[in-house]
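Quick caveat: nothing in here was measured; it's all calculated off a predicted structure.
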Amino acid sequence: MSPRIDLPATALLDKDGKSFVWMVEPAKSTVALREVTVMSRDDDTAILSPANPAGGLSAGALSAGDRIVIAGVHSLTPGQVVKVTP
C-alpha cells in the first residue's frame, strides 16, 4: 500500500479544478492554503497523497502532525486567525 493521508472530506476546498486544504500555522494560529493531491474521496473521507501536486515531498507536501482545518473551509482567507481545538 502506498503512503496516504486520510482526512474528513469537509477539509477539502475545491477551487479552479484543484483541491486545497487550509494548514494552520501553530505559532500564530493563522491559516494558509495548500494544494493537495486527492487519490480518492467519498462523502465522508478524502484520501490524499503525501506528495505535493508537482511531485516529490517538498514544501507542498503534508506530513504527520500538520494541523488542517476540517470545518468552515469555504469562509476562510489566507492569514486569518483561527481557534485551534484538540
Sequence-distant partners of Ile47, side chain to side chain contact (heavy atoms under 4.5 Å, CB included), two or more places apart: Arg4, Asp6, Met39, Ser40, Thr45
Non-hydrogen side-chain atoms of Leu7 and Val21 separated by less than 4.5 Å: yes
Test applied, side-chain contact (heavy atoms from CB on, under 4.5 Å); reference residue, Val24; option that passes from Asp66, Val31, Ile68, Val81: Val31
Residue list, side chain to side chain contact (heavy atoms under 4.5 Å, CB included) with Asp43, at least two apart or on another chain: none
From Leu33 atom CG to Met23 atom CE, the distance as rounded to the nearest 0.5 Å: 11.0 Å
Counterpart residues, side-chain hydrogen bond (donor to acceptor under 3.5 Å, both in side chains), relative to Gln80 (two or more places apart): Thr77
By side chain to side chain contact (heavy atoms under 4.5 Å, CB included) - contacts of Pro26 (at least two apart): none
Approximate separation, where rounding is to 0.5 Å, of Thr37 OG1 and Ile5 CD1: 10.0 Å
Closest approach of Arg41 to Ser19 (non-hydrogen atoms, all atoms of both residues): NH1-OG, 4.5 Å
Test side-chain contact (heavy atoms from CB on, under 4.5 Å) applied to Trp22 and Val73, Ile70, Val82, Leu12, the passing residue: Val73
Partner residues of Asp16 under the side-chain hydrogen bond (donor to acceptor under 3.5 Å, both in side chains) criterion, sequence neighbours left out: none
Heavy-atom check, side chain of Arg34 versus side chain of Leu13, under 4.5 Å: no
Under the side-chain hydrogen bond (donor to acceptor under 3.5 Å, both in side chains) test, residues paired with Arg67 that sit two or more places apart: none
